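In what follows, a structure is listed as structure tokens, so that the remarks can point back to it.
Every chain is numbered from 1 and lettered A, B, ... according to where its sequence line falls, protein lines coming before strand lines. This is a predicted model, so every value here is computed, not measured.
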There are 2 protein chains.
Amino acid sequence: MLLGYASPVASDSYHHGNLRTSLLEAAVATVAERGPQALVLRDLARQVGVSHNAAYRHFADRDELVTEVAAIAMERLVATLHERLERVSTDDPVLRARQRLAEIGRGYVEFAVAETGLFRLAFASTATVATAGTSASRDPLALLATCLDELVAVGFLSPEARVDAEATCWSGVHGFSMLHIDGALSSADDAERDAALDGLLVAIDRSYGASTGTPTEPGDIVSTGKG
Amino acid sequence: MLLGYASPVASDSYHHGNLRTSLLEAAVATVAERGPQALVLRDLARQVGVSHNAAYRHFADRDELVTEVAAIAMERLVATLHERLERVSTDDPVLRARQRLAEIGRGYVEFAVAETGLFRLAFASTATVATAGTSASRDPLALLATCLDELVAVGFLSPEARVDAEATCWSGVHGFSMLHIDGALSSADDAERDAALDGLLVAIDRSYGASTGTPTEPGDIVSTGKG
DNA sequence: TCCTCATGTTGACACTGGCTACTTTGGAGG
DNA sequence: CCTCCAAAGTAGCCAGTGTCAACATGAGGA
């Protein structure tokens, strides 16, 4: 789907005609279902119905394929974040900025929970990803920065508190995601998780409001994009 | 060190006499240096100077050993947190409670950065750890809960905000740790990291103060246990 | 029509790493 | 002193997995 192709030529002839894309698709599916460590070249070949090591005509080695899959994973994360951002419909500029920050957080956690394998891969070795998908890998951070800038622009977040806000917000939702997919808090059901996430987002909102002395109410933020 | 043993008997005879403990020690060292995936039975045996598979006299399989190492890792984390908590010397009850929460956060990140491998293992598969080291694995959470209860008791944190506070605080420091050891934010040097961590802790402190309308200053928290 | 070469196939190699049999050693109890 | 058995050793199986080398195929251009 996200790879944007349509089975172009011969599909069962000697020459697959679309192997590279098919391999990536199978890889994405595998990672999504069984995690990054399940990414085995021979398995991919089997899934696509091709001999083992046919992949070597399209990827120098396993790493190259993994890197590309990681880039795709990052793209999907960014896409999820964008979708969430567009759900905010309020006109009030302050409320809008606050809700957009909350939505980006919900999108992040939503992706982590729904696409655990891809999420893990995307952050497994940023060294690798950063080398290849430089622009894509920084997009989540850029998106977050935009939201935070908006909060400053509307006077909700103070410039001093703005300084470390990226790290703070990102840490919050990233840690929340990891603890919920990796154990520790993974015993929570969906409702508990959503409630706890609201708690986190409200805490951040309250903190940033307090940085400029702006009073906040949980209801300002938790009623929006539910579901 | 933490294993609390002292090479008891013969050390180079046919019977090692201390293999189990030695293996665990080597395993901890290996994980600390090269990460959880470097935990290979044959390597451990080599390090200890014993034949491969001698380990099977003391551990049913690899998983059992890994689980025990994970438990040790968790113990060390808890020990680090305790050390940090005891650094707080203020008498003012409110300030004390606030600083204790901040210190527990610093301890968490300190451990993650200093003992990256052990930190990863401790949280790699809590399912495994939770089965064996039930009490130990919950200690970090219990410690955090105690600090938060103190904050409520002294009137700094509101009971409503207390509800999801464990998840919020833990998420913050856990995510901060992961992003710094795993890439994404790992390019930051020590000074940058410390500054960003202060930013996170101040944000949490400000949020919780705001929950009861208590004004806060960054200086209340950032001057304490530096280093 | 025929050649070429990108694309796939077959087969094997190297290596890792968990695990199993079976054997050997030597400390401790009788 | 002798015997037993926990503890360690030796040897090797086996499955998985990345990778290389040599060969096969067939679509498209000359």
Per the salt bridge (charged side-chain N to carboxylate O under 4.0 Å, His left out) rule, what does the pair list look like for [range], sequence neighbours excluded?
{"range": "residues 143-152 of chain B", "result": "B:Arg100-B:Glu150, B:Asp149-B:Arg162"}
{"range": "residues 51-60 of chain A", "result": "none"}
{"range": "residues 167-179 of chain B", "result": "none"}

Test of understanding: with ring-ring contact (aromatic ring centres under 6.0 Å, His included), list the residues that count as partners of B:Phe176, not counting sequence neighbours.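 B:His180.
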Non-neighbouring partners of B:Phe111 that pass ring-ring contact (aromatic ring centres under 6.0 Å, His included), sequence neighbours left out: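 Partners of B:Phe111 by the ring-ring contact (aromatic ring centres under 6.0 Å, His included) criterion come out as none, since no residue qualifies.
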Separation of B:Leu23 atom CG from D:dA8 atom C1', in whole Å?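 Checked: the CG to C1' distance equals 12 Å.
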Taking A:Ser171 for its side chain and B:Val173 for its backbone only, find out whether a donor-acceptor pair lies under 3.5 Å.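 It does not hold such a pair.
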Qualifying residues under salt bridge (charged side-chain N to carboxylate O under 4.0 Å, His left out), relative to B:Glu115, sequence neighbours excluded: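 Checked B:Glu115 against salt bridge (charged side-chain N to carboxylate O under 4.0 Å, His left out); zero matches.
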Can you list everything that forms a salt bridge (charged side-chain N to carboxylate O under 4.0 Å, His left out) with A:Arg42? Sequence neighbours excluded, please.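 A:Arg42 satisfies salt bridge (charged side-chain N to carboxylate O under 4.0 Å, His left out) with no other residue.
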Any residue meeting side chain to side chain contact (heavy atoms under 4.5 Å, CB included) with A:Glu192, in chain and number order, not counting sequence neighbours: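 Applying side chain to side chain contact (heavy atoms under 4.5 Å, CB included) to A:Glu192 gives A:Ala188, A:Asp189.
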Under the side chain to side chain contact (heavy atoms under 4.5 Å, CB included) rule, collect the residues that match up with B:Ala112, sequence neighbours excluded.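 Side chain to side chain contact (heavy atoms under 4.5 Å, CB included) list for B:Ala112, sorted by chain: B:Phe119, B:Ser177.
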Global bending angle along the helix from C:dT1-D:dA30 to C:dG30-D:dC1, which compares the axes of five pairs at either end, to 10 degrees: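 Answer for the end axes of this duplex: 10°.
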Near DNA chain C, counting only heavy atoms under 4.0 Å, which residues of residues 50-62 of chain A show up?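 Listed by number, they are A:Val50, A:Ser51, A:His52, A:Asn53, A:Ala54, A:Arg57, A:His58.
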Can you sort out which residues in residues 33-44 of chain B have a heavy atom within less than 4.0 Å of DNA chain C? Ascending by number, please.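 Nucleic-acid contacts, sorted: B:Leu39, B:Val40, B:Leu41, B:Arg42.
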